[in-house]
A.B. asks: 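The following block contains the structure, expressed as structure tokens.
Naming convention: chains lettered A, B, ... in sequence-line order (proteins, then strands); numbering from 1 in each chain.
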There are 2 protein chains.
Amino acid sequence: MDPHLLRTFVAVARLGSFSGAARDLGYTQSAVSQHIAALEGDLRTELLTRRPVRPTAAGARLLEHAGPLLLRLDAARADVARLAVAPPERITLAASPLALGPRTLTALPATGVTLRVMPRAEIPAAVATGAVDLGLVDGLAAPSDPLRLPDVAPLTVTGVGEDELAVLLPAGHPLAGRSALRLADLGDARWLDAPEAGIPLPAVRAALGMPGCRPSLRYDGTDLQTLYALSAAGHGLTLLPHRAAASVPPPAVAVPLSTPRLVHRTELLTPHTPTPPATALAHRLTTGA
Amino acid sequence: MDPHLLRTFVAVARLGSFSGAARDLGYTQSAVSQHIAALEGDLRTELLTRRPVRPTAAGARLLEHAGPLLLRLDAARADVARLAVAPPERITLAASPLALGPRTLTALPATGVTLRVMPRAEIPAAVATGAVDLGLVDGLAAPSDPLRLPDVAPLTVTGVGEDELAVLLPAGHPLAGRSALRLADLGDARWLDAPEAGIPLPAVRAALGMPGCRPSLRYDGTDLQTLYALSAAGHGLTLLPHRAAASVPPPAVAVPLSTPRLVHRTELLTPHTPTPPATALAHRLTTGA
DNA sequence: GACAGTTACGCCCAACGTAAGCATA
DNA sequence: TATGCTTACGTTGGGCGTAACTGTC
């Protein structure tokens with residue numbers, strides 16, 4: 001189970017082709033063939049069908065492990081490297097779209113920071129592998145409970161804020177006139193599925209305890225304006241932190257959701273040993289100035 | 001970052017000796033030296049001080065990653081192997097001490113199962129690496145919230161029960177006479193630290209929101225009778241599932257803890273593709289018969 | 001017959017053991 | 001001086017590329 005073999009395996013599985021993976025990795029087709037043969041020999045199982053090239057059941061199992069495994073390997077290397085190399089003068093902060101509240105935005109220094117908005121699911125890995133220096137992630141949680149993040153590597157997690165929730169509705173929606181909503185009001189609503197920009201539907205389902213809630217249109221992208229516009233156009237509801245309600249454009253309405261059990265939480269992710277400039281920015285973000 | 005090198009590195013760090021690790025791994029001392037040199041060369045950093053042999057800062061960082069990494073590697077191999085080999089006729093169930101309630105105990109079939117009680121922290125890894133077939137783990141959680149388990153590998157987690165909490169006290173304790181306790185009553189109590197048998201103190205602290213609660217004697221072991229005896233002898237309080245109160249021997253008393261925010265939860269851990277007999281047992285355990 | 005994965009073979013590097021070197025208690 | 005890690009060196013096995021082979025569309 002040499003990581004090289006594993007890397008080749010995922011490339012072949014992803015591309016569905018030995019020769020493609022070879023091109024991708026800078027090997028010859030023959031080497032890739034030998035890699036796969038070596039892996040299959042080691043595990044005494046066929047991992048791929050040939051013609052067409054597709055993972056077998058065992059291969060699919062292995063693929064599930066290979067991703068996190070290779071990620072942790074990169075994370076380990078990055079973590080050790082951080083101690084040795086000179087800290088960068090420019091640091092980059094990754095944030096999920098809804099993690100950027102006014103408090104964090106004003107806490108950013110005037111210079112030296114690159115802000116990168118990315119899908120929430122990619123942020124832990126980006127911080128772990130050193131692709132970015134810090135990460136801001138948002139999500140649903142019980143009050144003062146930490147978020148459930150995939151532990152791709154030992155990361156330090158700090159809460160930076162909790163907000164009430166609000167529901168985004170089109171102006172003409174039957175519930176749009178209410179001053180506040182309860183969970184019971186939302187039982188048969190249709191929800192936008194926007195895992196990158198909004199809150200992933202599985203998380204909504206789990207947190208709200210609505211196993212049946214049906215998805216509507218899906219939006220893959222990190223642009224909040226698009227999310228708001230989709231909701232305004234009647235494609236489904238979305239959860240928001242209440243503080244974001246102010247920036248919702250007119251055709252849509254944000255109504256507070258009154259539930260004591262849930263908050264919108266945002267957290268700061270840092271490596272265990274951040275570089276000094278990253279530590280400084282982390283401090284500004286957590287203390288609010 | 002060959003896993004072999006990593007394995008050698010953790011062995012050296014653990015034993016504090018190159019020659020010791022060599023003996024342990026079946027290498028020559030020279031090979032171990034070359035392994036470490038190769039790792040250090042690859043990462044361009046000193047990982048160990050020699051004489052005495054101790055991890056450097058970078059080495060300590062790497063050690064934090066190496067354990068989970070090697071564990072996942074074993075888990076991947078075990079997961080794939082499970083699909084290929086014949087399912088065992090005898091299956092073993094690992095359980096943390098407090099996870100064994102009367103319901104699960106009566107659900108066990110008369111034959112074909114080996115029950116192994118082990119520290120809660122080792123159970124996910126044991127299931128992942130195939131050392132055991134199924135795992136029962138207990139812990140503190142918000143009602144209907146899953147437990148926070150280290151994700152050593154993709155495991156399937158199923159809730160099998162939730163209980164009220166109780167506090168174990170010595171009979172003479174000032175609070176022992178009460179019919180129920182609240183969190184506020186426990187602010188300045190001293191707690192037994194028994195991470196293997198009872199609930200780990202950090203978890204208690206986090207769940208109860210008592211950052212200051214002070215530990216008392218520590219007990220490393222999985223024997224509940226010992227835990228009860230220590231508490232009865234006045235060494236500190238412990239949390240229990242309320243259903244366990246019945247089996248507490250006389251010199252100690254279990255008083256219900258009334259808090260809507262917390263329950264004692266037990267969950268069943270299975271690999272994603274359990275063997276058929278494991279699936280059968282899992283079904284008995286989750287359905288209660 | 002063309003495309004794509006496999007196998008044969010040769011080269012080279014990398015990993016190991018043996019044994020000599022060297023630093024520290 | 002002894003213990004224990006490092007370095008030198010020779011051997012072996014494994015990984016890669018070239019090229020011939022084979023199976024499938």
A.B. asks: What integer distance in Å separates Phe18(A):CZ from dT7(C):P?
C.D. replies: 11 Å

A.B. asks: For the pair made of CG in Asp2(B) and P in dA15(C), what is the distance, rounded to whole Å?
C.D. replies: 7 Å

A.B. asks: Rounded to whole angstroms, how far apart are CD1 on Ile36(B) and P on dG4(D)?
C.D. replies: 17 Å

A.B. asks: His35(B) side chain: which of dC5(D), dC16(C), dT6(C) is closest?
C.D. replies: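 Taking heavy atoms from C-beta onward, the closest nucleotide is dC16(C).
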
A.B. asks: Take atom NE2 in His272(B); do more than 12 heavy atoms of anything else shown fall under 6.0 Å from it?
C.D. replies: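 Buried by this count: over 12 neighbours within 6.0 Å.
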
A.B. asks: Looking only at the side chains, is there a donor atom on one of Thr28(B) and Ser30(B) sitting less than 3.5 Å from an acceptor on the other?
C.D. replies: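 Judged by distance alone, the side chains do not pair up.
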
A.B. asks: From C-beta outward on Ser19(A), which listed nucleotide comes closest to its side chain: dG4(D), dT6(C), dA4(C)?
C.D. replies: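 Selected nucleotide (nearest to the side chain): dA4(C).
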
A.B. asks: So does Tyr27(A) get a side-chain nitrogen or oxygen closer than 4.0 Å to the phosphate oxygens (OP1/OP2) of dG17(D)?
C.D. replies: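 For dG17(D), neither OP1 nor OP2 has a side-chain N or O of Tyr27(A) closer than 4.0 Å.
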
A.B. asks: Judged by modelled atom types alone, do Gln29(A) and Ser33(A) share a side-chain donor-acceptor pair under 3.5 Å?
C.D. replies: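 No, because no side-chain N or O of Gln29(A) sits under 3.5 Å from a partner of the opposite role on Ser33(A).
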
A.B. asks: Do His35(A) and Tyr27(A) make the cut of ring centroids closer than 6.0 angstrom?
C.D. replies: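 Yes.
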
A.B. asks: Quick one: Asp42(B) CG to dA14(C) C1', roughly how many Å, whole number?
C.D. replies: 14 Å

A.B. asks: Should Gln29(B) be listed as having a side-chain N or O under 4.0 Å from OP1 or OP2 of dG4(D)?
C.D. replies: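 No, outside the criterion.
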
A.B. asks: Give a yes/no answer on whether the side chain of Thr28(B) brings an N or O atom under 4.0 Å of OP1 or OP2 in dC16(C).
C.D. replies: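 False: Thr28(B) side-chain N/O out of range (4.0 Å or more) of dC16(C) OP1/OP2.
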
A.B. asks: For Pro52(A) and Leu5(A), take the nucleotide of DNA chain D holding the closest heavy atom to each; which residue's nucleotide lies nearer the 5' end?
C.D. replies: Leu5(A)

A.B. asks: Considering only dA23(C), dG17(D), dT6(C), which nucleotide approaches the side chain of Arg51(B) most closely?
C.D. replies: dA23(C)

A.B. asks: Classify Ser33(A) by what it touches in the nucleic acid, base, sugar-phosphate, or nothing, heavy-atom distance under 4.0 Å.
C.D. replies: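 Contact class for Ser33(A): base.
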
A.B. asks: Looking at the side chain of Ala31(A), which of dG17(C), dC16(D), dG5(C) is the nearest nucleotide?
C.D. replies: dC16(D)

A.B. asks: Rounded to whole Å, please give me the gap between CD in Gln34(A) and C1' in dG10(C).
C.D. replies: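 After rounding, the gap between these two atoms is 12 Å.
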
A.B. asks: Take the protein atom CZ of Arg23(A) and the nucleotide atom C1' of dC3(C), then report the distance between them rounded to whole Å.
C.D. replies: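 Result: 12 Å.
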
A.B. asks: With the side chain of Ser30(A) defined as its heavy atoms from C-beta on, choose the nearest nucleotide among dT18(D), dC5(D), dC16(D).
C.D. replies: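 Taking heavy atoms from C-beta onward, the closest nucleotide is dT18(D).
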
A.B. asks: Is the distance from OP1 or OP2 of dC16(D) to the nearest side-chain N or O of His4(A) less than 4.0 Å?
C.D. replies: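 Indeed not, no polar side-chain atom of His4(A) lies that close.
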
A.B. asks: Under 4.0 Å between a side-chain nitrogen and a carboxylate oxygen: does that hold for Asp79(B) and Arg82(B)?
C.D. replies: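 Yes, charged N to carboxylate O under 4.0 Å.
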
A.B. asks: NA contact type, Val32(B), heavy-atom cut-off 4.0 Å: base, sugar-phosphate, or nothing?
C.D. replies: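 Answer is nothing: Val32(B) stays at 4.0 Å or more from every strand.
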
A.B. asks: Whole-Å distance between dG5(C) C1' and Leu15(A) CG?
C.D. replies: 15 Å

A.B. asks: For the pair made of CG in Leu48(B) and C1' in dG4(D), what is the distance, rounded to whole Å?
C.D. replies: 14 Å

